[in-house]
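Shown next, in structure tokens, is the structure this report addresses.
Each chain gets a letter, A, B and so on, in the order the sequences are listed, and its residues count up from 1. Everything numeric in this text was worked out from a predicted model, so none of it was measured.
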Amino acid sequence: MLDLKYIRQNPDQIKQNISRRSESYKSDIDKIFELDEQKRKLQKQADAFKAERNSLSKSVNSPEQAEEIKEKVKQINQEISGLDSALDQIDNQIKDIILFIPNLPHLSVPEGKDESQNQIVKTWGNIPNLANPKPHWQIAEELGILDFENTARLAGARLATFIGWGAKLERALIQFMLNEASSAGYTEFAPPALISAKTLQGTGQLPKFAEDLYHLEGTDQYLIPTAEVPLTGFYANGKALSEAELPKRLCAYTPCFRSEAGAAGRDTRGLIRQHQFDKVELVHLCKPEDSEAEHEKLVRQAENILEKLNLPYRRVLLCAGDMGFSAAKCYDLEVWFPSQNAYREISSCSNCTDFQARRLNLKFKNKNGTEYLHTLNGSSLAVGRTWAALLENYQTPEGFLIPEALWPYLNNQKIIVKN
RNA sequence: GGAGAGAUGGCCGAGCGGUUGAAGGCGCAGCACUGGAAAUGCUGUAUACGGUUCGCUGUAUCGAGGGUUCGAAUCCCUCUCUCUCCGCCA
């Protein structure tokens with residue numbers, strides 16, 4: 001959520017910046033500016049009436065005196081309730097608009113409307129030299145370690161079952177990723193996969209992206225689309241964190257659930273786009289002045305996983321028009337998929353500045369009072385896509401090789417072949 | 001799911017219709033005392049929004065929402081959460 005006070009003071013600057021995402025937000029800013037002016041005018045009037053009522057009530061010392069002012073206060077109360085309900089209405093109107101406006105792009109974010117204008121920051125690793133690379137689903141189904149067909153009958157499309165070494169590899173990757181985060185100083189969490197509408201509003205998935213989520217009928221709960229939601233929301237309990245405990249660096253493995261509305265026809269085969277997938281997520285909570293450095297640190301932590309698994313990847317800085325709703329700046333990590341002859345997203349690392357913190361009321365305390373935190377999140381990594389990338393990049397005619405970093409997690413198994 | 005008890009500032013805890021935005025204590029900060037510290041003493045110590053001549057000042061907030069009243073932390077209603085007991089259950 002943008003800062004109302006900041007909109008009030010710098011409407012033109014905000015309009016200019018937000019239109020880097022899309023011109024359509026300019027009129028929203030104008031509307032908010034207008035409503036805010038009305039609101040302050042009404043509040044001033046209401047406060048004056050309330051002050052008068054308070055001083056009249058305080059002046060009462062006897063029942064007789066109360067009789068004298070009853071009529072007067074009743075009139076004042078009528079004025080107040082009229083003004084208060086008008087204020088309420090304006091507040092709701094502002095909220096209805098502001099909750100749908102995305103974060104302002106950071107100054108270092110390049111101009112651009114879509115992914116074609118993203119900037120490749122770096123490229124790492126050697127692309128394997130494979131004659132006719134098979135896609136991961138073919139390798140996996142030949143080995144009998146991944147199933148889509150029976151799963152579709154059991155549960156529906158865009159869902160998979162890992163079997164045997166496939167299941168073990170999935171579990172090993174989770175364990176490996178969590179251990180890497182732990183040894184880098186992250187605190188491990190195991191949050192619920194159910195989350196309230198309120199928290200989703202706090203992190204920015206609601207109200208705008210409701211159709212992307214699974215909603216539990218008859219409740220205000222949803223399945224989490226990412227552990228970012230419970231982790232970022234965890235300390236939003238109204239109590240400010242102390243400056244000394246910052247930065248907080250959290251990690252969690254969770255399943256993630258996405259309806260993939262609007263993705264019909266895209267990535268229909270394989271593990272790239274599923275309704276349920278595993279992910280290890282990193283979240284940083286820090287002081288505003290630290291968030292850029294924390295962002296670099298977070299991306300490096302995710303890159304470290306790819307490097308230890310020796311998977312070729314590149315880092316991409318997203319342009320203003322391609323960033324997610326809550327992000328002010330975002331790096332995507334893209335891993336090489338030989339069968340597609342392309343890099344595909346495997347992690348998205350965002351600096352959300354104070355955007356989520358303001359929605360969640362997430363603050364810390366310093367000498368001068370309280371201040372909104374900056375929140376950052378990133379995958380480290382999407383497990384299913386990592387699983388798929390390993391099979392493709394390490395494929396052999398008979399199966400695939402396990403990268404050395406995972407040997408300890410798989411009883412020193414070094415290669416998976418058909419038995 | 002059933003029965004009961006409770007929710008007050010960073011923490012503990014008083015208040016149960018008006019000078020209470022909230023006693024008292026703890027904690028924290030500053031000052032004094034000290035060679036330094038402890039102990040002691042004094043002073044200060046919620047948040048949000050608005051106005052401001054930037055000194056202040058108005059409004060709101062005692063789990064949340066609504067009601068009664070000239071006036072609500074205090075009375076009434078609804079909801080949420082926590083604890084205890086019972087039931088059910090991985």
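Using a 3.5 Å distance cut-off with no hydrogens or angles, the side chains of D3(A) and Y372(A) do not pair a donor with an acceptor. Residues T353(A) and N103(A) have side chains that bring a donor and an acceptor to within less than 3.5 angstrom of each other.
If you check every strand for non-hydrogen atoms under 4.0 Å, K5(A) touches sugar and phosphate atoms only. Residue contacts for T370(A): at a heavy-atom cut-off of 4.0 Å it reaches the sugar-phosphate backbone alone, with no base atom in range. Using a 4.0 Å heavy-atom criterion, one finds that K41(A) contacts no nucleic acid atom at all.
Dashed line: the shortest gap from a side-chain N or O of K50(A) to OP1 or OP2 of U59(B) is not under 4.0 Å. The phosphate of G71(B) (OP1 or OP2) has a side-chain N or O of N77(A) nearer than 4.0 angstrom. Here N361(A) does not reach the OP1 or OP2 of U47(B): none of its side-chain N or O atoms lies under 4.0 Å away. The side chain of N54(A) contributes no N or O atom lying less than 4.0 Å from OP1 or OP2 of G58(B). Distances shorter than 4.0 Å separate none of the side-chain N or O atoms of R53(A) from OP1 or OP2 on U59(B).
Ring geometry for Y343(A) against W336(A) counts as perpendicular: the plane angle is over 60°, on a 0 to 90° scale with 30° as the lower cut.
Where K74(A) and K363(A) each meet RNA chain B at their nearest nucleotide, the meeting point lying more 5' is that of K363(A). RNA chain B is contacted by both Y372(A) and L56(A); Y372(A) maps to the nucleotide lying nearer its 5′ end (nearest heavy atom per residue).
For C89(B) and U74(B), the P atoms lie 42 Å apart once the distance is rounded to whole Å. For the P atom pair drawn from U59(B) and A73(B), the interatomic distance equals 14 Å after rounding to whole Å. Here the separation of U8(B) from A46(B), taken at their C1' atoms, is 12 Å to the nearest Å. A gap of 23 Å separates the C1' atoms of G24(B) and G17(B), to the nearest Å. Rounded to whole Å, the separation between the C1' atoms of A32(B) and G50(B) comes to 40 Å. To the nearest whole angstrom, the two P atoms, one in G63(B) and one in G15(B), are 15 Å apart. Atom name P, nucleotides U20(B) and G4(B): the rounded distance is 37 Å, in whole Å. Remark: the separation of the C1' atoms in A72(B) and G65(B) is 15 Å, to the nearest Å.
Nucleotide U61(B): paired with A46(B) (Watson-Crick or G-U wobble, both distances less than 3.5 Å). Checking A90(B) for Watson-Crick or G-U wobble geometry (two distances, each under 3.5 Å) identifies no partner in any strand. Across every strand in view, G71(B) sits unpaired, with no contact that passes the Watson-Crick or G-U test at under 3.5 angstrom. In a base pair of the Watson-Crick type (N1 to N3 plus N6-O4 or O6-N4) or a G-U wobble (N1-O2 and O6-N3), with each distance short of 3.5 Å, G35(B) is matched with no nucleotide. In this structure, C85(B) and G2(B) make a Watson-Crick or G-U wobble pair, each of the two defining distances being under 3.5 angstrom. When both distances must be under 3.5 Å, the Watson-Crick or G-U wobble mate of G15(B) is U8(B).
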task = Would you please test Y253(A) and Q175(A) for side chain to side chain donor-acceptor pair (under 3.5 Å) and show each step?
result = CA-CA 9 Å; Y253(A) 150 72; Q175(A) 185 84 338; over 6 Å; no
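The nearest whole Å value for the distance from the NZ atom in K58(A) to the P atom in G71(B) is 14 Å. Residue E67(A) contributes atom CD, which lies 13 Å from atom P of U69(B) at whole-angstrom precision. Atom pair D47(A):CG and A60(B):P shows a separation of 7 Å (rounding to whole Å applied). The CG atom of D36(A) sits 9 Å away from the P atom of G51(B) (whole-angstrom rounding). The interatomic distance linking E243(A) (CD) with G10(B) (P) rounds to 17 Å, in whole Å. In this structure, Q43(A) atom CD and U59(B) atom P are separated by 12 Å, rounded to whole Å. As a whole-Å value, the separation of E52(A) CD from G71(B) P is 13 Å. In this entry the distance linking CG of L42(A) with P of A60(B) reads 17 Å, nearest Å.
Residues L143(A) and W165(A) form no side-chain contact, since every pair of their non-hydrogen atoms from C-beta on lies 4.5 Å or further apart.
In this structure, R258(A) does not pair ionically with D212(A), as no charged nitrogen and carboxylate oxygen lie closer than 4.0 Å.
With hydrogens and angles ignored, the 3.5 Å screen pairs a side-chain donor or acceptor of S19(A) with a backbone N or O of Q16(A). Not a single donor-acceptor pair under 3.5 Å links the side chain of T203(A) to the backbone N or O of V229(A).
The side chain of R8(A) sits closest to G50(B) out of G50(B), G10(B), A60(B).
In G51(B) the base sits anti relative to the sugar, since the glycosidic angle is further than 90° from 0.
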